[in-house]
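Written out below as C-alpha cells is the structure these notes cover.
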Amino acid sequence: MSVNGIGSNYCYMGAAANHVQEKVSETNAGRKVAQQPVNLSISDEGRNMLREMANKFEPDSDYVNARDLTIQNTNEVAWEHYTAMRGISSQTLRDGNYNVEDVMKSIMDTYEARYNEIVKEHENGDREVSYELTGKRSLTLEEDLAGLDAAFKMRLANLEGYITCQQTNKAFEKPDNSWYFNRNSSRNEGKTQERIQFFDTEYRDSAVSIMEQTREKFLAAFKSFGYKKGTAIGIFADVLNEHTSFVADTQKLFR
C-alpha cells in the first residue's frame, strides 16, 4: 500500500469525523430547542385530521385478539384434514419404493376417503369440533369441505416438493456433477442443456393440473347417482392417460 494512499484515507476519515461532529452539534442544539415548553392549541378538526394521517402511515398490527379468532382464519380445519390425509398416505408410501404416480394416486385416494368421512359425519347436522385456538365449535358441511379443499392444495404443494427432489436427484445422479458449477463453460454447453431440462417447472405444473382435473371430475361423479367408493383412482388413471407427454417424462425421471 502506498503512503499517498494511506494519507488519502486519513484525510477522508478526518473529514468524516468532522462531519459527524457537526451533526452531533446540530442535534444537541435541536434538543435544547425541543426542551423549551411550547403551548399548542389544536382544534377538534385538526385533531381529527392528525388521526386520519396517522392511520394512513401506521403499519397494520400483527396482533390478533384471541377472542376474535375464527375457524376460518386459523386454518385449523384444513390442518386437521391435511394431517389425516398425510397419515393415511404414510401407510401406503413407505420405504421409498414409489414414484410420482404413486404419490398422486395416494393424494387422490386420501382426498376421496376424507371427503366421504366428512359427508357421513354431517348426515345428522353440523360437526362438533374442539381446536386448540378456537376451542369448541360447530362446523357446517360447507366449512368442512372448504377446509378439505385447502388441505388438498397443501398436499399438492407436497407433491411439487417431492417432484423437485426427484428432479434434483436425477440431475446429480452421475459422478460428473461439476457440470452445474461449470455450466457456463462452452465445452459443457450440451451437457448443461440436457441436465437443466430436469429442473423444468412444466412437469410440476402438469402434475398439479392433472390432480386438479381429477378432483373436479371426482366431485362431479360423487354427486351422480351411480357413485361408488374408489372412483377417484379410476378417474385419475383416465386423466393421466390423456397426458401422454407427462407419462413419458415420468418414465425418464424414474428410469
- Query: Are E123 and K120 side-chain neighbours, meaning at least one heavy-atom pair lies under 4.5 Å?
  - Reply: yes

- Given S206 and E202, is the side chain to side chain donor-acceptor pair (under 3.5 Å) satisfied, shown in steps? CA-CA 6 Å; S206 296; E202 289 185 6; over 6 Å; no

- Is there a side-chain contact between M211 and M108 (heavy atoms, below 4.5 Å)? yes

- Task: Consider only side-chain N and O atoms of D144 and Y115, and report whether a donor and an acceptor are under 3.5 Å apart.
- Result: no

- Query: In the hydrophobic clustering (ILVMFWY, side-chain contacts below 4.5 Å, transitive), which residues join M154, or is it alone?
  - Reply: W79, Y82

- Report yes if some heavy atom in the side chain of H81 is under 4.5 Å from a heavy atom in the side chain of I118; otherwise report no. yes

- Answer whether the closest heavy-atom distance between the side chains of R155 and S89 falls below 4.5 Å. yes

- Task: Output all residues satisfying side-chain hydrogen bond (donor to acceptor under 3.5 Å, both in side chains) with E80, sequence neighbours left out; order by chain, then residue number.
- Result: R114, R127, Y131

- Pair H243-Q213, side-chain contact (heavy atoms from CB on, under 4.5 Å): steps then yes or no: CA-CA 11 Å; H243 294 74; Q213 292 176 44; 3.6 Å; yes

- Task: Locate the shortest heavy-atom distance separating S138 from E128; write the atom from each residue and the value.
- Result: OG-OE2, 2.6 Å

- Message: To the nearest 0.5 Å, what is the distance between NZ on K105 and CD on E101?
- Response: 6.5 Å

- Task: Answer yes or no: is there a donor N or O on one side and an acceptor on the other, between the side chain of T110 and the main chain of S106, under 3.5 Å?
- Result: yes

Name every donor-acceptor pair, under 3.5 Å, that has one atom in a side chain of residues 228-240 and the other anywhere in the protein, sequence neighbours excluded.
residue : atom : partner : partner atom : Å
T231    : OG1  : K228    : O            : 2.3

- Task: Using a 4.5 Å cut-off on heavy atoms from C-beta on, say whether the side chain of T92 contacts that of Y98.
- Result: no

- Message: Which heavy atom of A78 sits nearest to which heavy atom of A151, and what is that distance?
- Response: O-CB, 3.4 Å

- Those residues at least two apart in sequence (or on a different chain) that pass side-chain hydrogen bond (donor to acceptor under 3.5 Å, both in side chains) with E132 are none

- Query: Donor-acceptor pair, E143 side chain versus T140 backbone, under 3.5 Å?
  - Reply: yes

- All side-chain hydrogen bond (donor to acceptor under 3.5 Å, both in side chains) counterparts of D149, not counting sequence neighbours: Y111, R215

- What's the verdict on side chain to side chain donor-acceptor pair (under 3.5 Å) for N99 and Y162, showing C-alpha distance, side-chain angles and the deciding distance? CA-CA 9 Å; N99 58 25; Y162 171 74; over 6 Å; no

- Message: Please tell me whether I107 and I88 are part of a single hydrophobic cluster in this structure, the criterion being side-chain heavy atoms less than 4.5 Å apart.
- Response: no

- Message: If you compare all heavy atoms of R204 against all heavy atoms of T164, which two are closest, and at what distance to 0.1 Å?
- Response: CD-OG1, 3.2 Å

- Once you round to the nearest 0.5 Å, how far does CG of L156 lie from CD1 of I210? 11.5 Å

- The reported gap from CD in E112 to OG1 in T214 (rounded to nearest 0.5 angstrom) is 11.5 Å

- When rounded to the nearest 0.5 Å, the distance separating CG of L133 from CD of E76 is 4.5 Å

- Task: Can you sort out the partners of A207 under side chain to side chain contact (heavy atoms under 4.5 Å, CB included), two or more places apart, ordered by chain and number?
- Result: M104, L159, I163, F246

- Message: How long is the straight-line distance from CE of M85 back to CG of D109, given to the nearest 0.5 Å?
- Response: 9.5 Å

- Note on the structure: The reported gap from NE2 in H122 to CD in E142 (rounded to nearest 0.5 angstrom) is 8.5 Å

- Take atom CG of N241 as the centre, draw a 6.0 Å sphere, and report whether it contains more than 12 heavy atoms from other residues, nucleotides or ligands. yes

